[in-house]
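What follows is one structure encoded as structure tokens, with my remarks underneath.
For clarity, every value in this text was computed on a predicted model and none was experimentally measured. Residue numbering restarts at 1 for every chain, and letters A, B, ... go by the order of the sequence lines.
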Number of protein chains: 2
Amino acid sequence: MRAALVERAAEMLARREPVTLRALVEGAGASTMAVYTHFGGMPGLWSAVRQEGFTRLTARLATVPATDDPVRDLAALGAAYVANALAVPALYRAMFDTAADLEDPAAAAAPFAALVACAARAREGGRFAADSDPEAVATRLWAAGHGLTMLVLTGVLPAESLEGHAPAVAAALFVAAGDDPERAHRSVRAGWATGTPSR
Amino acid sequence: MRAALVERAAEMLARREPVTLRALVEGAGASTMAVYTHFGGMPGLWSAVRQEGFTRLTARLATVPATDDPVRDLAALGAAYVANALAVPALYRAMFDTAADLEDPAAAAAPFAALVACAARAREGGRFAADSDPEAVATRLWAAGHGLTMLVLTGVLPAESLEGHAPAVAAALFVAAGDDPERAHRSVRAGWATGTPSR
DNA sequence: GGCTATACATAACACCGTCATGCAAAACGG
DNA sequence: CCGTTTTGCATGACGGTGTTATGTATAGCC
């Protein structure tokens, strides 16, 4: 029942239906108490839904293959991250509604950890400066991608601006981390195409 | 009455109280219908509140003086932008809840226009490349700042990360736009201190 | 087989946004 | 200056929301 409720909530989010307690349990053939026995209330349900969002994101990022070009891989991870957000926009927004009360905070940190590991590889491989901070690079890439994504999801920026700006910002950050500008742009172009689905 | 209601809603947001219709009108000595005559309902009230948020942001950015170093001014604008968001976090989040139904979209675009104008000055002054796109630079700076700010406001990142990452990202973007790395960092450092209030 | 504990249904509760109705005061036209 | 209209707001009710006290049936255990 637990999993069915979370899944149905995610479906309702994807279908842009308002996720209300009664509408949720009705379609699941349950009653309102099911949510309270399993999640302790709607906030608990939302925590589980956000957790599910991070789980799906982690799974999607895991499909990005690691090549011998870590900078390209960073761009590919960024593209996959953005693609996931665009695929399930309401779920993505719910994920970042608040950072509190996540059931498994470690699982939520997995996507970020993947970025950090990739940035560390770029440093060890000599692409980034020896004194560059992989965690800082990952944080900046993540924050920039998140901001761009959020502005698109809320309708402030048109969807096309993601294609145009995200790779440029990523390349700028990689150059700042020590990569050669020309190489950075090549790697980002290749990586972005890898992480972006079916075009 | 109109202005009083909007102001009170902003106060409640600042005080982290839930902005509910009845709690809103009670403190204002009005009845629920006041909101309906003036705003047509709660969504209309929220539109007005978001408009107020953009108005305050524009006013705050206007206090940033223009110097003969446009790159420094860009950083100062960014710092002021972030400072405003941290000063009224709930209002900032409400501003970007959705982009629809703003009463005066032009006023909401004013902060962005200030960034674009500054980036254009940097290009004319030779700091940015002659073929750089001021609107693109402004968009990328804005998106990165927005993402960093949102992650901090939602509690995903600690507040200190703003100080650490925002200037670094800004400098990276300016260098990508054509500025000299050393000069960019100097200007950003100076500008960030200018736009950050009282320290 | 009896006992306990867990999972769920029922139904009521307080609160939310909304709106039909009514009324008083301001604005207006003669 | 008085009657009419319009505007601004109070009252009260309605449906929908999350929550929870109460009852019940099913499963697991000794």
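Listed pair T37(A) / dA7(C) fails the phosphate criterion, with no side-chain N or O lying under 4.0 Å from OP1 or OP2.
Within residues 38-47 of chain B, the residues having any heavy atom under 4.0 Å from DNA chain C are, by residue number, G41(B), M42(B), P43(B). Within residues 21-35 of chain B, the residues approached by DNA chain C to less than 4.0 Å at the level of any non-hydrogen atom are L21(B), R22(B), T32(B), M33(B), in residue-number order. Less than 4.0 Å separates DNA chain D from no heavy atom of any residue of residues 5-14 of chain B.
Atom CH2 in W142(B) sits 5.0 Å away from atom CG in L151(A) (nearest 0.5 Å). From T139(A), atom OG1 reaches atom NE2 of H146(A) across 13.0 Å, with rounding to the nearest 0.5 Å. Remark: M150(B) CE to T149(A) OG1 distance equals 12.0 Å, nearest 0.5 Å.
In this structure, the helix from dG1(C)-dC30(D) to dG30(C)-dC1(D) shows an angle of 10° between the axis at its start and the axis at its end, each fitted on 5 base pairs and rounded to 10°.
Judged as a ring pair (Phe, Tyr, Trp, His ring centres under 6.0 Å), and not counting sequence neighbours, H165(B) has no contacts. For R186(A), the salt bridge (Lys or Arg N to Asp or Glu O under 4.0 Å) partners are E182(A), not counting sequence neighbours. For R50(B), there are no salt bridge (Lys or Arg N to Asp or Glu O under 4.0 Å) partners two or more places apart in sequence or in a different chain. With sequence neighbours excluded, the residues forming a ring pair (Phe, Tyr, Trp, His ring centres under 6.0 Å) with F128(A) are F174(A), listed by chain and number. In this view, R15(A) and E11(A), E17(A) satisfy the salt bridge (Lys or Arg N to Asp or Glu O under 4.0 Å) rule, not counting sequence neighbours. Residues meeting the side chain to side chain contact (heavy atoms under 4.5 Å, CB included) test with A10(A), sequence neighbours left out: R56(A).
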### Task
May I have the step-by-step check of salt bridge (Lys or Arg N to Asp or Glu O under 4.0 Å) for R127(A) and D69(A), ending in yes or no?
CA-CA 9 Å; R127(A) 293 289 293 272; D69(A) 181 349; 3.1 Å; yes
### Test side-chain contact (heavy atoms from CB on, under 4.5 Å) applied to L86(A) and Y92(A), step by step
CA-CA 8 Å; L86(A) 292 184; Y92(A) 183 84; over 6 Å; no
### Query
Should F54(B) and F96(B) be marked as a ring pair (Phe, Tyr, Trp, His ring centres under 6.0 Å) after you check the CA-CA gap, both sets of side-chain angles, and the distance that decides it?
CA-CA 10 Å; F54(B) 281 108; F96(B) 291 99; 5.8 Å; yes
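Regarding R2(A), its CZ atom lies at a distance of 12 Å from the P atom of dC8(C), rounded to whole Å.
Using a cut-off of 4.0 Å between Lys/Arg side-chain N and Asp/Glu carboxylate O, D73(A) and R121(A) are scored as salt-bridged.
Boundaries of the chain B contact region on DNA chain D are dC9(D) to dA13(D), first to last in 5' to 3' order (nucleotide atom under 4.0 Å from a heavy atom).
For residues 30-39 of chain A, there are no side chain to side chain donor-acceptor pair (under 3.5 Å) pairs, not counting sequence neighbours.
Side-chain contact check for M12(A) versus L24(A): some heavy-atom pair is nearer than 4.5 Å.
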